[in-house]
Amino acid sequence: MKMETPEPAKTSIQVIERMVALLDVLASYPDPVSLKELSKVSGLHPSTAHRILNDMVVTRFVDRVEPGTYRLGMRLLELGNVVKSRLSVREAAVDLMRALHNKTKQTVNLSVRQGDEIVYIDRAFSERSGMQVVRAIGGRGPLHLTSTGKLFLSIDEPKAIRAYATRTGLAGHNKNSITDLTRLERELSLVRARGYARDNEELELGVRCMAAGIHDDSGKLVAGLSISAPADRLQDDWLEDLVNTAAQISATLGHRVGGTS
C-alpha cells in the first residue's frame, strides 16, 4: 500500500511572513477590512488568512469587528508605546550624526531644550575639523544665541517669546549677538519661513552654525541637529544634508511628514 507523503510543514518564518503581510494590509486601510479583501491583497488563500487572523485575534494583534471583518488590535499600540518609551533621541541620532560628520568633516551637535537654554547631549567631531570644540556634551547655550535655540523659540507663542526676553534680558556674548526683542522676532520669523535656523557668530566669534529640527511621532520638536564650523568654512551646500539627516532621525522616532504616525 502506497503511503501518502505529507506536505512539508510550514516553517515558523513562513508563518511570520504571512502574519506581517496581513498586518501590512490592515495598516493600509483606515476602516475594518473583510476577509475576502485581506486574502486578495495579501495573496493568501482565504482559509490560510482566516486561520492566521484567528490566532492574531486571540493574541490581540488583530480585532474582529464583526464576523469576517478585521482591524489592527490594541496589542500593537501597547507594544508601540513600549518601544517609544525606550527609544531615546540620542539612540536614534548617533549613527546618522556620524555619517553627517564624515560627509562634512565638521562638528555635528545634538541638543535639547531645558528651560531658557539648550543642552548639548551628543556630538560627532574630530580634531581635524579645524575648530576647537568649546561646548562639550552637557554644555549649555542661550536660546536666542544658538541655532537650535532659535528653532525652539520659533515655535513659542509671541507672549512666551516676550517673557523669555524679559527673564533673560537677551544678554549678548559679542558684537554679533541678538540683544533686541524686535530683531529677535524678525529672526524667528525667518526661521519659521525657512524651516531651519542659523547662528552667525552670535554665540562665539569665528564660529557659525545651522540647525534643523527633530520631531517625534506626535510632531513635537524634541531636539535640534546642528553643524558648527569655522565662520569661513560653513557651506550652504551642507544644509540639504543637515535637513535630510534631521528628517531621518525624526522618522526613526515615528514622525511622518504631513501627520502623525
Side-chain angles (χ1 to χ4, degrees), residues 81 84-85 87-90 92-93 108-123 134-135 137-205 207-228 234 236 239 242-247 249-261:
N81 285 333
K84 178 183 174 183
S85 69
L87 180 63
S88 73
V89 174
R90 184 185 176 281
V108 177
N109 313 285
L110 181 68
S111 46
V112 298
R113 180 176 185 172
Q114 284 190 1
D116 291 338
E117 298 176 307
I118 62 163
V119 179
Y120 298 88
I121 61 173
D122 207 350
R123 170 171 282 122
V134 177
R135 280 169 172 73
I137 296 173
R140 295 171 177 267
L143 296 179
H144 66 291
L145 301 182
T146 56
S147 52
T148 291
K150 291 175 186 177
L151 290 175
F152 281 101
L153 277 177
S154 73
I155 63 173
D156 280 353
E157 296 292 334
K159 182 178 179 181
I161 296 171
R162 291 193 295 270
Y164 167 82
T166 300
R167 285 193 307 274
T168 64
L170 295 181
H173 284 204
N174 59 62
K175 64 181 182 179
N176 297 320
S177 298
I178 295 177
T179 57
D180 174 77
L181 178 59
T182 301
R183 184 181 165 198
L184 177 62
E185 289 173 333
R186 286 198 300 265
E187 178 79 0
L188 297 180
S189 180
L190 284 175
V191 172
R192 296 185 198 102
R194 293 169 174 167
Y196 63 89
R198 293 181 180 272
D199 157 20
N200 289 309
E201 300 184 71
E202 297 155 47
L203 184 64
E204 298 176 38
L205 289 175
V207 178
R208 295 170 59 209
C209 305
M210 50 190 181
I214 295 171
H215 300 80
D216 67 10
D217 63 325
S218 69
K220 179 182 177 183
L221 178 66
V222 293
L225 185 72
S226 63
I227 298 175
S228 301
L234 191 72
D236 286 343
L239 184 59
L242 173 67
V243 171
N244 288 341
T245 301
I249 298 170
S250 298
T252 301
L253 295 173
H255 179 64
R256 297 292 180 267
V257 177
T260 58
S261 63

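These numbers come from a predicted model, not from an experiment.
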According to salt bridge (Lys or Arg N to Asp or Glu O under 4.0 Å), who are the partners of Arg186, at least two apart in sequence or on a separate chain?
none

Backbone N or O of Asp156 within a donor-acceptor pair of the Tyr164 side chain at under 3.5 Å?
no

Arg140 vs Gln114 side-chain heavy atoms within contact, under 4.5 Å
yes

When every non-hydrogen atom of Thr148 is compared with those of Ser226, the smallest separation belongs to OG1-CB, 4.1 Å

Working to the nearest 0.5 angstrom, can you tell me the gap between Thr166 OG1 and Leu181 CG?
8.0 Å

Across all chains, not counting sequence neighbours, the salt bridge (Lys or Arg N to Asp or Glu O under 4.0 Å) partners of Asp180 are none

Exercise: identify the closest heavy-atom pair between Pro142 and Leu203
CD-CD1, 3.8 Å

Give the minimum heavy-atom separation between Ser111 and Tyr120, together with the two atoms involved.
CB-CA, 4.0 Å

Identify the two heavy atoms, one from His215 and one from Ser250, that lie closest to each other, and give their separation to 0.1 Å.
N-OG, 2.9 Å

Residues at least two apart in sequence or cross-chain that pass side-chain contact (heavy atoms from CB on, under 4.5 Å) with Asn200, listed by chain then number, are Arg198, Glu202, Arg208

Could you grab the distance from atom CG of Asp122 to atom CZ of Arg90, nearest 0.5 Å is fine?
4.0 Å

Compare all side-chain heavy atoms of Leu143 with those of Thr168 and state whether any distance is below 4.5 angstrom.
no

Quick one: does Asp217's side chain get under 4.5 Å of His255's, heavy atoms only?
no

Taken to the nearest 0.5 Å, the spacing of Ser189 OG from Arg194 CZ works out to 10.0 Å

Inter-residue atom distance Ser147.OG - Ile118.CD1, 0.5 Å rounding
6.5 Å

Is there side-chain contact between Leu170 and Ile178, with heavy atoms separated by less than 4.5 Å?
no

Less than 4.5 Å apart, any side-chain heavy atom of Glu204 and any of Ser228?
no

Contact between Leu151 and Ile155 at the side-chain level, heavy atoms closer than 4.5 Å - yes or no?
no

Between CG on residue Leu205 and NE2 on residue His173, distance to nearest 0.5 Å
11.0 Å

Heavy-atom closest contact (Leu221 atom, Gly213 atom, distance)
CD1-CA, 3.6 Å

Which atoms form the tightest heavy-atom contact between Ala93 and Ile249, and what is the distance?
CB-CD1, 3.6 Å

Test item: Leu110 and Val89 side chains (from C-beta on) under 4.5 Å apart, heavy atoms:
yes

Could you tell me the separation between the CG atom of Leu188 and the CD1 atom of Ile161, rounded to the nearest 0.5 Å?
5.0 Å

Would Asp199 and Thr146 count as a side-chain hydrogen bond (donor to acceptor under 3.5 Å, both in side chains) if you check the C-alpha gap in whole Å, the side-chain angles of each, and the deciding distance to 0.1 Å?
CA-CA 5 Å; Asp199 157 20; Thr146 56; over 6 Å; no

Evaluate the criterion side chain to side chain contact (heavy atoms under 4.5 Å, CB included) for residue pair Ile227 and Leu239; output intermediate values, then yes/no.
CA-CA 9 Å; Ile227 298 175; Leu239 184 59; over 6 Å; no

Does a side-chain heavy-atom distance below 4.5 Å link Val108 with Leu242?
no

